[in-house]
Amino acid sequence: MSVTHTEVTAEPAELEPCGQQDHPDCGIRDVLDRVGDKWSVLVIVELANGPRRFRQLQRAIDGISQRMLTLTVRRLERDGLVLRTVYPTVPAQVDYRLTETGASLTHLVKALADWSIEHRAHIARARETYDSEHPGNEIR
């Protein structure tokens, strides 16, 4: 399957289980810790449109605090997904952009976004059914 393959099929993919005694941790947990949180995904989506300064990112990502954005871009930079560039101006200007590795992740993020749009109505109906069959179980 190519990086640009975004077709979603109804058949389950052939996956090896991770974390079992006879199968070592394949590293997916480490990756999901980074790209599985909503702030990282939203930063990646925003940077897919080109370099952004810190305040531009903060304004574009509704609800993110300055502290959370700082932590998120630092983690993405540490993982080699985002490049932070400081320009020698007064005051110093800083921008963030995706690295080649970060840019390659945008295809997967787009596939996930496409999948969520395609299945949004089904998931909403399933939640309504579950909630009506399990009153008092507040799962949100």
Side-chain angles (χ1 to χ4, degrees):
M1 182 163 91
S2 74
V3 175
T4 58
H5 176 79
T6 58
E7 183 178 330
V8 178
T9 62
E11 296 297 317
E14 292 183 28
L15 298 171
E16 293 290 327
C18 289
Q20 295 183 357
Q21 278 187 326
D22 61 338
H23 188 275
D25 184 4
C26 61
I28 196 167
R29 290 179 190 166
D30 195 35
V31 171
L32 286 177
D33 281 346
R34 184 63 51 242
V35 298
D37 74 88
K38 71 177 178 179
W39 299 124
S40 293
V41 171
L42 293 173
V43 168
I44 290 166
V45 166
E46 187 59 31
L47 292 178
N49 296 310
R52 298 286 185 268
R53 293 173 66 180
F54 187 89
R55 292 287 177 227
Q56 289 175 307
L57 283 172
Q58 191 173 19
R59 283 191 298 269
I61 302 171
D62 189 39
I64 194 166
S65 68
Q66 181 174 340
R67 174 166 167 64
M68 185 52 66
L69 181 56
T70 299
L71 290 173
T72 301
V73 294
R74 280 185 188 160
R75 289 171 181 158
L76 291 170
E77 181 183 12
R78 181 175 181 254
D79 289 346
L81 302 175
V82 167
L83 176 65
R84 178 179 184 264
T85 305
V86 180
Y87 297 96
T89 59
V90 178
Q93 291 185 10
V94 178
D95 77 17
Y96 300 89
R97 64 188 71 226
L98 292 176
T99 63
E100 189 175 324
T101 303
S104 71
L105 186 59
T106 62
H107 299 287
L108 300 173
V109 171
K110 182 178 182 337
L112 183 59
D114 291 346
W115 180 90
S116 64
I117 289 168
E118 182 179 337
H119 294 89
R120 182 182 303 169
H122 172 78
I123 292 169
R125 286 191 305 274
R127 286 177 178 171
E128 288 174 11
T129 300
Y130 181 92
D131 291 348
S132 68
E133 292 173 357
H134 301 87
N137 285 348
E138 299 295 324
I139 300 175
R140 301 268 185 253

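Heavy atoms from other residues, nucleotides or ligands lying under 6.0 Å from CG of Asn49 number more than 12. Within 6.0 Å of NE2 on His134 lie more than 12 heavy atoms contributed by other residues, nucleotides or ligands. A 6.0 Å sphere centred on CZ of Arg97 holds more than 12 heavy atoms belonging to other residues, nucleotides or ligands.
In this structure, Pro51 and Asp95 approach most closely via the heavy-atom pair CB-OD2, 4.0 Å. The heavy-atom pair separating Thr106 from Ala48 by the smallest distance is CG2-CB, 3.8 Å.
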Does Val45 form a side-chain contact (heavy atoms from CB on, under 4.5 Å) with Val109? I'd like the steps, not just the answer.
CA-CA 8 Å; Val45 166; Val109 171; 3.6 Å; yes

Residues Val43, Tyr96; criterion side-chain contact (heavy atoms from CB on, under 4.5 Å); working and verdict:
CA-CA 10 Å; Val43 168; Tyr96 300 89; over 6 Å; no

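A donor-acceptor distance shorter than 3.5 angstrom exists from the side chain of Thr99 to the backbone of Gly80, with no hydrogens or angles considered. Gln56 contributes a side-chain N or O that, together with a main-chain N or O of Arg53, makes up a donor-acceptor pair within less than 3.5 Å. For Ser40 (side chain) and Asp37 (main-chain N/O), no donor-acceptor pair under 3.5 Å exists by modelled atom type.
Residues Met68 and Leu76 are members of one and the same hydrophobic cluster, defined by side-chain heavy-atom contacts under 4.5 angstrom among Ile, Leu, Val, Met, Phe, Trp and Tyr.
In this structure the side chain of Leu57 reaches within 4.5 angstrom of the side chain of Leu47, judged on heavy atoms. Contact of the Trp39 side chain with the Leu69 side chain is not registered, since no non-hydrogen atoms from C-beta on lie closer than 4.5 Å. Annotation: side chain of Leu83 is in contact with side chain of Thr85 (closest heavy-atom distance under 4.5 Å).
To the nearest 0.5 Å, atom CD of residue Glu118 and atom CD1 of residue Ile123 are 10.5 Å apart.
Taking the charged nitrogens against the carboxylate oxygens, Asp114 and Lys110 do have a contact shorter than 4.0 Å, which makes a salt bridge.
There is a side-chain donor-acceptor pair under 3.5 Å between Arg55 and Gln58.
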